[in-house]
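This one's a predicted model, so the numbers in the text were calculated from it and none came from an experiment.
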Amino acid sequence: MQAILDEIRVGIHAVWRRRWLALAVAWGIALVGWLGVSLIPNTYQSTARVYITPQSILPQAVGISANDQQQDIDSFRQTLTSADNLSGVIKSTPALAKQAGNPRDLATQVTRLANAISIKSTQDNLFDVSVALSGGGYSDSQNAHLAQTVTQKLLDAFYTSYSSGNADEAQRSLKFLDAQLAQRGAQLQDAENKQQAFEARYMGMLPGTGSIADRMQTAQGQLQDVETQLASAQAALAAVNGQMAGTPANIPGVAVPGTVGGPRQQLAQLQGQLAADQAQGWTDQHPDVIALKKQIARISGAAASDTGGGAGSQPNPAYLSLRSMQADKQATFAALSTRRAQLQSDLAEFAAKQAGAPEITAQQAKLSRDHDVLQQQYDKLLQDREGIKLRADAQSSDGSVQFRIIAPPSFSKVPAKPMRPLLLTGVLLLAVLGGAAIAFLKHKMQSSYSTPAALAAASGLPVLGAVSLVHSAKQKAEAAQQFKWFAGAGGALAGAFVLLLAVEFVQRGLMA
């Protein structure tokens, strides 16, 4: 730490010994810098605040999405600084139009104006539009008024181009879509005529509509449905047959007390139970099925010789109901079987037609494909046309976004740039540091040493002692006089800085 402090003291001493050189360099830098600052032209800025917000109800109801509305807002930046918009502003401003007599000068003015425009988004959908103008052969007052005029004309030109641009674009789009719809409609009608003529010639004898492949696919789907229904009908018919097998056709009349059912009734009951078990999926090897079959075999002889005496018999209502159900199930099964046979016959006919004339199938597929493509294109164009027309009507009525000027273009007599007080201060600091740096470098270029330690470090030899310089009274008086001169020259530099600052602030106050 001590070594660092010693180096700082040595540096200050070296600069002080060469203070006149440092002061001269500082004066030179300050004069050149202040002259450069004074030559910088004043820039005058006019700022307007614009609020652009999307509509919330009507645009979204007609298909103008939030994305579309945000694009309209984003296009504000591009439209405002577009070459067409800036050219219109220049031509409508007399002061600028004088300097744009030919296309090259106009392009130069457009570039200059584009660089002078600044658009900043301060908040959501809130924009600050600024125009900063300087030089151009105009006075400060003219540039201040010109900045305000250009800002106002920019906003007017944008609003006009935005309002008319949407309507013009919509009309161009609708005109193009109408032409495309007419063309696609004629092509679609021609495709439909070719398809109808082909079907009348080759496909009239086949069932269904569409191509052979489409008809085969439809028939296969129907056949699958019929197969499923047929399996269900067959299962239902089997269930009814099983119930009928276990239900006697006649039931005995009122029995005499003390008597039991005859062999026929027992045989009918056993057969019904066997049928019910088999309907449940029991096989012949099931123990209960084997036992039932043995009982049936044992009483079959007795049932054959039984005359059914003792009690009268009458038709069984349950059996009659099952017979009716059986007839209905059989009719359904027969109808489904017929339908299946018909579909299988149609599929065979389709396959034979497809195999016998593949070129017809290929031609029909091509006609169908062409028709479908044209139909999709026509429907898409029609949908786009209706959407554009609806959106154009909505935008022409009130626009998809609202454009409002919150703060009109400002007018300021005080230049926005440059900030001369800061530049003057920066030049002064640069001059002081530059002078000190030149003096320090001058010290480094000489082979003198300020301390015994520095001499010892440079020579590598021990320093035995140091002799102090003793000033006489005359030398002290001369040093004091030189210090006064130096202070005066340094004070003059500071005074010049203060004077320039005062002039700048006085000018700003008078212009404001």
Side-chain angles (χ1 to χ4, degrees), residues 191-250 268 271-286 289 293 315-373 375-376:
E192 289 178 351
N193 294 336
K194 290 181 179 179
Q195 198 173 29
Q196 291 175 0
F198 179 85
E199 291 183 357
R201 181 176 180 182
Y202 296 104
M203 310 296 293
M205 301 302 295
L206 293 178
T209 58
S211 64
I212 294 180
D214 294 339
R215 299 184 188 190
M216 288 185 67
Q217 185 176 2
T218 303
Q220 288 172 352
Q222 294 177 356
L223 182 59
Q224 291 178 358
D225 294 339
V226 169
E227 292 283 2
T228 302
Q229 297 174 9
L230 190 61
S232 177
Q234 188 175 10
L237 181 60
V240 172
N241 290 335
Q243 292 180 3
M244 288 185 63
T247 304
N250 298 308
Q271 288 176 343
Q273 185 175 356
L274 177 62
D277 293 342
Q278 289 177 342
Q280 294 178 1
W282 292 3
T283 63
D284 294 340
Q285 286 76 27
H286 194 279
V289 174
K293 285 184 176 181
N316 189 353
Y319 183 82
L320 295 177
S321 176
L322 290 174
R323 284 290 300 272
S324 176
M325 293 175 61
Q326 182 188 39
D328 182 59
K329 300 297 182 183
Q330 287 176 345
T332 301
F333 181 78
L336 291 173
S337 298
T338 303
R339 178 60 178 160
R340 179 179 64 177
Q342 180 63 41
L343 290 173
Q344 290 174 344
S345 175
D346 292 344
L347 285 172
E349 187 176 0
F350 291 147
K353 191 75 172 179
Q354 192 174 30
E359 67 280 358
I360 296 178
T361 304
Q363 185 179 357
Q364 184 188 29
K366 181 180 182 303
L367 290 174
S368 178
R369 183 171 58 252
D370 293 344
H371 176 271
D372 292 342
V373 171
Q375 185 68 53
Q376 291 176 1

Keeping S345 on the side-chain end and A341 on the backbone end, is there a donor-acceptor pair under 3.5 Å? no
In short, V226 meets L336 closest at the heavy-atom pair CG1-O, 3.6 Å
Got a donor-acceptor contact below 3.5 angstrom from the S232 side chain to the T228 backbone? no
OG1 of T218 to CG of L223, rounded to nearest 0.5 Å, is 12.5 Å
Out of curiosity, T338 OG1 to L343 CG, how far, rounded to the nearest 0.5 Å? 11.0 Å
Euclidean distance, Q222 CD relative to Q229 CD, rounded to 0.5 Å: 10.5 Å
What salt bridge (charged side-chain N to carboxylate O under 4.0 Å, His left out) pairs are there with at least one residue in residues 233-248, not counting sequence neighbours? none
Salt bridge (charged side-chain N to carboxylate O under 4.0 Å, His left out) contacts in which one or both residues fall within residues 228-241, not counting sequence neighbours: none
Inter-residue atom distance Q375.CD - E192.CD, 0.5 Å rounding: 6.5 Å
